Novice: 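Below is the structure I would like to discuss, written out as structure tokens.
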Amino acid sequence: TKLILLDSLLQETMLKFPRINQGIGRRGLSSMISSVDLNQDQREFQKKVREFAQEELRPIADQLDKEKRFPWDQVKKMGDLGLMGVEVDREYGGAGLDGLSYVIGMEEISRACAGTGTIMTAHNSIFMGPIKEFGTDHQKRDILPQFVSGERVGCFLLSEPGNGSDAGAASTTAREVDGGFSINGTKAWITNSWEASGGSLFATTNRKEKHRGISCFFVPFPSDGLSLGAKETKMGIRCTSTANVIFEDCFLPEENLIGKKGQGFKIAMQILDAGRIPIAAQGVGIASDAYQRALDYVMKNSSYSQYEQETLAEMEIAIETARILTYRAAKMKDEGKPIGKIAAMAKLYASEVATTVTHSAIQLMGETGLNFGSGVERNYRDARITEIYEGTSEIQKVVIAGHIKKEYQANMLC
């Protein structure tokens, strides 16, 4: 009945959320609804992660945010649950789970504490992703087992102070020297930077080739010639550390090259495509917590007015629709299907749902919702980053539009 209601009310809900009505129609949702059922193992994993997150993270999330404190104790326990190596094969010490399980875990962790969700996805998706997907067997056996237990975390070194959303404009250089490469340049807004024991680095090995001259490397932390900038003071996800990482003649041996020389841009784009799906799950988790807090407040403190009923209904439909789209993207990834378009759709839709739903939660709770400790003011601040990292909402629209054009041209040739 709930799914029938979602399908029948989708068009009306899209009108209520004008910024997020692109890319999903009635037929699109109908075709997804039947494909998102969880199997027994996935349901048990969801239950286990939810219990941990609600008991160990949600009660301290506001304090972590206030103190800007990295939750090391909880991250180590997440390692015990398999959350710090979700998709890493068991032969390398990981949990060996599928992408849908990763999304389920990401949603539950982010529902309790979105900052911890950011630590988890930066580590799993974009730090370990290049090594897991493009590393040699020796690199996998040497690096991955060190990073799946929760004792160590990694970071993703792509963004730079001047390149914004242009991943192909890497000014950090990797100059070939005897036995390896000398790295010079600055990476910006690096999540997990202060706690990291390693990073996946993208640097230019051949300027003439532009984006085809970018290569990917594993860099251990600490390393000679590597230093950290001051921690940024952020609006949200404040339990994570974000800082510049500076390279000054930092030597990396030849065996630290991931993939082939000049393959870095391709690696980054593939990893970012896949990484958008857990960010969508993070948006769903943030929105779900804000919705639950607003629902509890309304039921305990008001007359359940028509406005409150309509707002809560719109919030739940939007969240459930975002969840269906996100799960569908994860399943397509698991099935080995192209995910560029649907990953961007899920990330765009779920992140904007997170922003809209957290705003509505504060409206329902009034001044109470603005107070520190209400949870929803933190949800509101945390939601904003989901529209920025792993590609801004504007970039997601460009990606989706590019796929639409290619599909149209392909159909015209048939």
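These numbers were taken from a predicted model, which means no experiment stands behind them.
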Novice: Could you give the distance from CG (Asp273) to CD (Glu390), rounded to the nearest 0.5 Å?
Specialist: 10.0 Å

Novice: Salt bridge between Lys77 and Glu55, side-chain N to carboxylate O under 4.0 Å?
Specialist: no

Novice: Before you tell me yes or no, could you show the steps for Glu394 and Lys397 under salt bridge (charged side-chain N to carboxylate O under 4.0 Å, His left out), namely the whole-Å CA-CA distance, both residues' side-chain angles and the distance that decides it to 0.1 Å?
Specialist: CA-CA 5 Å; Glu394 291 74 20; Lys397 292 174 185 177; 5.7 Å; no

Novice: Find out whether Arg238 and Arg378 are in side-chain contact, i.e. whether some heavy atom of one side chain is under 4.5 Å from a heavy atom of the other.
Specialist: no

Novice: Mind running side-chain contact (heavy atoms from CB on, under 4.5 Å) on Phe127 and Val153 for me, showing each step along the way?
Specialist: CA-CA 9 Å; Phe127 162 60; Val153 296; over 6 Å; no

Novice: Between Asn371 and Glu367, do the side chains contain an N or O donor and an N or O acceptor separated by less than 3.5 Å?
Specialist: no

Novice: How about Ile339 and Arg276: do any of their side-chain heavy atoms sit closer than 4.5 Å?
Specialist: no

Novice: Hey, could you give me the CE/OG1 distance between Met345 and Thr326, rounded to the nearest 0.5 Å?
Specialist: 10.5 Å

Novice: For Arg69, look at atom CZ and say whether over 12 heavy atoms of other residues, nucleotides or ligands are found less than 6.0 Å away.
Specialist: yes

Novice: For a side-chain contact (heavy atoms from CB on, under 4.5 Å) check, start with the C-alpha distance between Gln146 and Ser197, then their side-chain angles and the critical distance, and finish with the verdict.
Specialist: CA-CA 9 Å; Gln146 304 177 48; Ser197 295; over 6 Å; no

Novice: Carefully, step by step, assess Arg381 and Asp65 under the rule salt bridge (charged side-chain N to carboxylate O under 4.0 Å, His left out).
Specialist: CA-CA 10 Å; Arg381 290 185 286 107; Asp65 173 82; 2.8 Å; yes

Novice: Angle between ring planes, Phe147 versus Phe218, binned at 30° and 60°: parallel, tilted or perpendicular?
Specialist: perpendicular

Novice: Please check if any side-chain donor atom of Glu308 sits under 3.5 Å from a side-chain acceptor atom of Ser302, or the reverse.
Specialist: yes

Novice: Examine distances only and state if a side-chain atom of Asp89 and a backbone atom of Glu91 form a donor-acceptor pair shorter than 3.5 Å.
Specialist: no

Novice: Mark yes when over 12 heavy atoms from residues, nucleotides or ligands other than Asp137 sit less than 6.0 Å from its CG; otherwise mark no.
Specialist: yes

Novice: May I ask you to decide whether Glu320 forms a salt bridge with Arg323, counting only side-chain N to carboxylate O separations under 4.0 Å?
Specialist: yes

Novice: Just by modelled atom types, is the Thr392 backbone N or O under 3.5 Å from a matching donor or acceptor in the Lys347 side chain?
Specialist: no

Novice: For a quick test of reading the model, state the closest non-hydrogen atom pair linking Thr358 to Ala290 and the distance between them.
Specialist: CG2-CB, 3.7 Å

Novice: What is the distance from atom CD1 of Ile237 to atom CD1 of Ile119, rounded to the nearest 0.5 Å?
Specialist: 9.0 Å

Novice: Search all heavy atoms of Glu377 against all heavy atoms of Ser374 and return the closest pair with its distance.
Specialist: N-OG, 3.6 Å

Novice: Might you point out which heavy atoms bring Gln139 and Ile131 nearest each other, and give the distance in Å?
Specialist: O-CG2, 4.4 Å

Novice: Closest heavy-atom contact between Ile277 and Ala329?
Specialist: CD1-O, 3.7 Å

Novice: Looking only at atom types and distance, does a side-chain atom of Asn124 sit under 3.5 Å from a main-chain N or O of Leu83, one as donor and one as acceptor?
Specialist: yes

Novice: Looking at side-chain heavy atoms only, is the closest gap between Val86 and Met106 below 4.5 Å?
Specialist: no

Novice: Less than 4.5 Å apart, side chain to side chain, heavy atoms only: is that true for Gln282 and Asp382?
Specialist: no

Novice: Check whether the ring centres of Phe156 and Phe202 lie less than 6.0 Å apart, and answer yes or no.
Specialist: yes

Novice: When you check the side-chain N and O atoms of Tyr307 and Gln363, is any donor under 3.5 Å from an acceptor?
Specialist: no

Novice: Ile190: which residues meet the side-chain contact (heavy atoms from CB on, under 4.5 Å) condition with it, sequence neighbours left out?
Specialist: Cys155, Leu157, Lys187, Ser193, Val245

Novice: Using distance alone, with no hydrogens and no angle criterion, decide if Thr191 and Tyr389 have a side-chain donor and acceptor under 3.5 Å apart.
Specialist: no

Novice: Ignoring hydrogens and geometry beyond distance, is a side-chain donor-acceptor pair present between Thr355 and Glu387 at under 3.5 Å?
Specialist: yes

Novice: Are Arg43 and Gln40 close enough that a side-chain donor and a side-chain acceptor fall under 3.5 Å?
Specialist: yes

Novice: Is the side chain of Asn301 donor-acceptor paired with the backbone N or O of Tyr297 at a distance under 3.5 Å, no angle test?
Specialist: yes

Novice: Is there a donor in the side chain of Ser125 and an acceptor in the side chain of Tyr102, or the other way round, less than 3.5 Å apart?
Specialist: yes

Novice: If you round to the nearest 0.5 Å, how far is CE of Met128 from NE2 of His123?
Specialist: 3.5 Å

Novice: Tell me whether the count of non-hydrogen atoms from other residues, nucleotides or ligands lying under 6.0 Å of OH in Tyr380 goes above 12.
Specialist: no

Novice: When you measure from the side chain of Trp72 to the backbone of Gly150, do you find a donor-acceptor pair of N or O atoms at a distance under 3.5 Å?
Specialist: no

Novice: Salt bridge check: are Arg293 and Asp289 linked by an N-O gap of less than 4.0 Å?
Specialist: yes

Novice: Could you tell me if Lys66 sits above the aromatic ring of Phe372, with its cationic atom closer than 6.0 Å to the ring centre and no more than 45 degrees from the axis?
Specialist: yes

Novice: Are any of the side-chain heavy atoms of Ile279 and Ser351 separated by less than 4.5 Å?
Specialist: no

Novice: Considering only heavy atoms from C-beta outward, does the side chain of Asp224 approach that of Phe251 to under 4.5 Å?
Specialist: no

Novice: Counting C-beta onward and ignoring hydrogens, is there a side-chain heavy-atom pair between Gln74 and Ile60 closer than 4.5 Å?
Specialist: yes

Novice: State whether the side chain of Asp98 and the backbone N or O of Ser101 hold a donor-acceptor pair below 3.5 Å, judged by distance alone.
Specialist: yes

Novice: Under a 4.0 Å N-O cut-off, is there an ion pair linking Lys337 with Glu335?
Specialist: yes

Novice: Got a donor-acceptor contact below 3.5 angstrom from the Glu209 side chain to the Thr204 backbone?
Specialist: no

Novice: Just by modelled atom types, is the Val353 backbone N or O under 3.5 Å from a matching donor or acceptor in the Thr356 side chain?
Specialist: no

Novice: Do you know the tightest heavy-atom contact between Tyr291 and Leu312?
Specialist: CE1-O, 3.5 Å

Novice: Check Ser215 against Thr205 and note the closest heavy-atom contact, atom names and distance.
Specialist: OG-OG1, 2.9 Å

Novice: Side chains of Phe181 and Lys261, heavy atoms from C-beta outward: is any pair under 4.5 Å?
Specialist: yes

Novice: Look at the side chain of Arg90 and the backbone N and O of Ala95, then say whether any donor-acceptor pair between them is shorter than 3.5 Å.
Specialist: yes

Novice: Can you tell me how far apart CG (Leu252) and CG (Leu201) are? Round to the nearest 0.5 Å.
Specialist: 6.5 Å

Novice: Output all residues satisfying side-chain contact (heavy atoms from CB on, under 4.5 Å) with Ser223, sequence neighbours left out; order by chain, then residue number.
Specialist: Val219, Pro220, Leu226, Cys250

Novice: Looking at residues at least two apart in the chain, or sitting in another chain, which of them share a side-chain hydrogen bond (donor to acceptor under 3.5 Å, both in side chains) with Asn184?
Specialist: Asp249

Novice: Just how far is it from atom CE of Met78 to atom CG of Leu57, taken to the nearest 0.5 Å?
Specialist: 7.0 Å

Novice: Between Lys48 and Glu44, is the salt bridge (charged side-chain N to carboxylate O under 4.0 Å, His left out) condition met? List the steps.
Specialist: CA-CA 6 Å; Lys48 180 171 64 174; Glu44 289 176 0; over 6 Å; no

Novice: Check the pair Lys333, Glu87 against side-chain contact (heavy atoms from CB on, under 4.5 Å), reporting the backbone distance first and the verdict last.
Specialist: CA-CA 12 Å; Lys333 175 175 173 285; Glu87 295 180 292; 2.6 Å; yes

